[in-house]
J.: 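Provided herewith is a single structure, encoded as structure tokens, for subsequent inquiry.
Numbers restart at 1 for each chain; the letters A, B, ... are given by sequence-line order, proteins then strands. Since we're looking at a predicted model, the values are computed, not measured.
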Protein chains: 2
Amino acid sequence: MKLSAGVEWALHCCVVLSQAAQPVPSARLADLHGVSRTYLAKHLGSLAKAGIIQPSEGRDGGYVLMRAPERITVLDVVRAVDGPEPAFRCTEIRQQGDLAAPPEQCRRPCGISVVMARAEQAWRASLDATTIADLAASFDTSGIRSVLSDR
Amino acid sequence: MKLSAGVEWALHCCVVLSQAAQPVPSARLADLHGVSRTYLAKHLGSLAKAGIIQPSEGRDGGYVLMRAPERITVLDVVRAVDGPEPAFRCTEIRQQGDLAAPPEQCRRPCGISVVMARAEQAWRASLDATTIADLAASFDTSGIRSVLSDR
DNA sequence: GCGTGCATACTCGGATATAAGCTGTCCGAGTAGAGGGGG
DNA sequence: CCCCCTCTACTCGGACAGCTTATATCCGAGTATGCACGC
């Protein structure tokens, strides 16, 4: 199981955007973190499609947070970048092979999928308990603001 | 984020093995679930290397659970098949790019990695709370046993 | 009848192709702002 | 002095390659069982 590296990039970008008073272009966000410009743009597009950030075109355009940092959770960002599909997908192998269970036993979901789904729910709940504002509080926001105001 | 399909196979196999009194060959386990023989063998090898199941060679050989089903957790199987590496790996991008933080601020781990690690810990704890015996209780074990005794 | 040796068939394990998804890149459509010209 | 037009430069968005990883497969080494033979 591997989480996309874009998740880390997107979270850092959201922290930066929470400290910015003006739109920040994707190229500048990439330079701020030293990552690929074009690939970051791809992930930022996902965030925009999810309604987390808002793009503005033209000169002096860029991205702005669409909601207050306190109302954006880490889970929102992870789901936007990594996709909403669960990591574990039951393929119903209990209905295949030599010991295929009869359909009347398969009305309830498979016990294995229940356990995996419960674990993922715990994972999501943990991510949902932290907001971008909480993350920003753990960084040196004054340094971010000073770098942002340089330009 | 996508979890290997082999995890599902391995868990089902462990449930079957918990009901078997004799060694079950990997090919038979594959036929029981209608999955690829050779690929399942690969995952069973991982389980054996992790000390969860024990192989026996030669005729009438196969795999047997190495511990009691109550002492094997779902997390053990997941870690054996999917690997022990965490899904999120911090690449320390806070030290790169134009707003690279000075090293003295990087003694503590990055706040983002802390949040992600905490979520994965919750995920693992949830998986660790269920054992193979619990899973077997949610299946029709009599059906499994009858099919196993057919041969 | 019993012990020994051998042949056999079955088992696991690692080395080898194929497909999918993440990573990274490129170019084009569209737009807000700035500057110059005219009224 | 103010308004309008154009022009430019900059922005985002989707379409296009490269590479790591998961998936699936094949073949060889090793071993417990069963049988036949000799004692």
Side-chain angles (χ1 to χ4, degrees), chain A residues 1-10 13 17 20 22-31 33-64 66 78 80-89 91 93 151, chain B residues 1-10 13 17 20 22-31 33-64 66 78 80-89 91 93 151:
Chain A
M1 188 171 54
K2 196 182 69 172
L3 203 56
S4 167
V7 169
E8 184 182 9
W9 299 5
C13 286
L17 288 178
Q22 305 166 0
V24 184
S26 66
R28 176 121 177 85
L29 283 172
D31 292 344
H33 298 104
V35 299
S36 164
R37 287 185 171 185
T38 51
Y39 191 34
L40 178 64
K42 193 180 189 65
H43 289 306
L44 293 176
S46 300
L47 259 65
K49 190 169 291 185
I52 296 173
I53 61 177
Q54 185 167 24
S56 58
E57 295 189 345
R59 179 167 171 169
D60 295 353
Y63 285 105
V64 182
M66 216 160 177
V78 171
V81 175
D82 195 60
E85 299 100 26
F88 181 88
R89 289 187 303 277
T91 58
I93 63 179
R151 262 197 196 174
Chain B
M1 188 173 55
K2 198 181 68 170
L3 201 58
S4 167
V7 170
E8 185 183 7
W9 300 4
C13 287
L17 288 179
Q22 304 166 0
V24 184
S26 67
R28 177 122 176 83
L29 284 171
D31 293 343
H33 298 105
V35 299
S36 163
R37 287 184 170 185
T38 51
Y39 190 35
L40 178 64
K42 192 180 188 64
H43 289 307
L44 293 177
S46 299
L47 260 65
K49 190 170 291 185
I52 296 173
I53 60 178
Q54 184 167 22
S56 57
E57 295 188 346
R59 178 167 171 169
D60 295 351
Y63 285 105
V64 181
M66 217 160 175
V78 171
V81 174
D82 196 60
E85 300 98 26
F88 181 89
R89 288 187 303 277
T91 58
I93 64 179
R151 262 196 196 173

J.: Polar-atom pairs under 3.5 Å, protein N or O versus N or O of nucleotides 9-13 of chain D: list them with distances, or write none.
T.:
{"residue": "dT11(D)", "atom": "O4'", "partner": "Gly58(A)", "partner atom": "O", "Å": "3.1"}
{"residue": "dC12(D)", "atom": "OP1", "partner": "Ser26(A)", "partner atom": "N", "Å": "3.4"}
{"residue": "dC12(D)", "atom": "OP2", "partner": "Ser26(A)", "partner atom": "OG", "Å": "3.1"}
{"residue": "dG13(D)", "atom": "OP2", "partner": "Tyr63(A)", "partner atom": "OH", "Å": "2.8"}

J.: How many angstroms lie between SG in Cys13(A) and CG in Leu29(A), if you round to the nearest 0.5 Å?
T.: 4.5 Å
J.: List the residues meeting side-chain contact (heavy atoms from CB on, under 4.5 Å) with Ala50(A), not counting sequence neighbours, and say none if there are none.
T.: Ile52(A), Ala80(A)
J.: Who passes side-chain contact (heavy atoms from CB on, under 4.5 Å) against Thr38(B), sequence neighbours left out?
T.: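 side-chain contact (heavy atoms from CB on, under 4.5 Å) list for Thr38(B), sorted by chain: Ser36(B).
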J.: For a quick test of reading the model, state the closest non-hydrogen atom pair linking Asp31(A) to Arg37(A) and the distance between them.
T.: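 What the structure gives for the nearest pair is OD2-NH2, 2.7 Å.
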J.: Calculate the interatomic distance between Arg37(A) atom CZ and dC27(C) atom P; express it in whole Å.
T.: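 Checked: the CZ to P distance equals 15 Å.
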J.: How many whole angstroms separate atom CD of Gln22(A) from atom P of dG33(C)?
T.: 12 Å
J.: When you look at Leu17(B) and Val64(B), which way does the side chain to side chain contact (heavy atoms under 4.5 Å, CB included) test go after all the steps?
T.: CA-CA 6 Å; Leu17(B) 288 179; Val64(B) 181; over 6 Å; no
J.: Step by step, would you call Arg89(A) with Lys2(B) a side chain to side chain contact (heavy atoms under 4.5 Å, CB included)?
T.: CA-CA 9 Å; Arg89(A) 289 187 303 277; Lys2(B) 198 181 68 170; 3.5 Å; yes
J.: Applying side-chain contact (heavy atoms from CB on, under 4.5 Å), name anything that partners Ala5(A), two or more places apart in sequence or on another chain.
T.: none
J.: Taking only nitrogen or oxygen atoms into account, show me every contact under 3.5 Å that the protein makes with nucleotides 15-24 of chain C, one pair per line with its distance.
T.:
{"residue": "dT23(C)", "atom": "OP1", "partner": "Ala5(A)", "partner atom": "N", "Å": "3.1"}
{"residue": "dT23(C)", "atom": "OP2", "partner": "Ser4(A)", "partner atom": "OG", "Å": "2.7"}
{"residue": "dT23(C)", "atom": "OP2", "partner": "Tyr39(A)", "partner atom": "OH", "Å": "2.9"}
{"residue": "dT23(C)", "atom": "O5'", "partner": "Tyr39(A)", "partner atom": "OH", "Å": "3.3"}

J.: List in chain and number order the residues that pass side-chain contact (heavy atoms from CB on, under 4.5 Å) with Ala48(A), two or more places apart in sequence or in another chain; answer none if no residue qualifies.
T.: Ile53(A), Pro55(A), Tyr63(A)
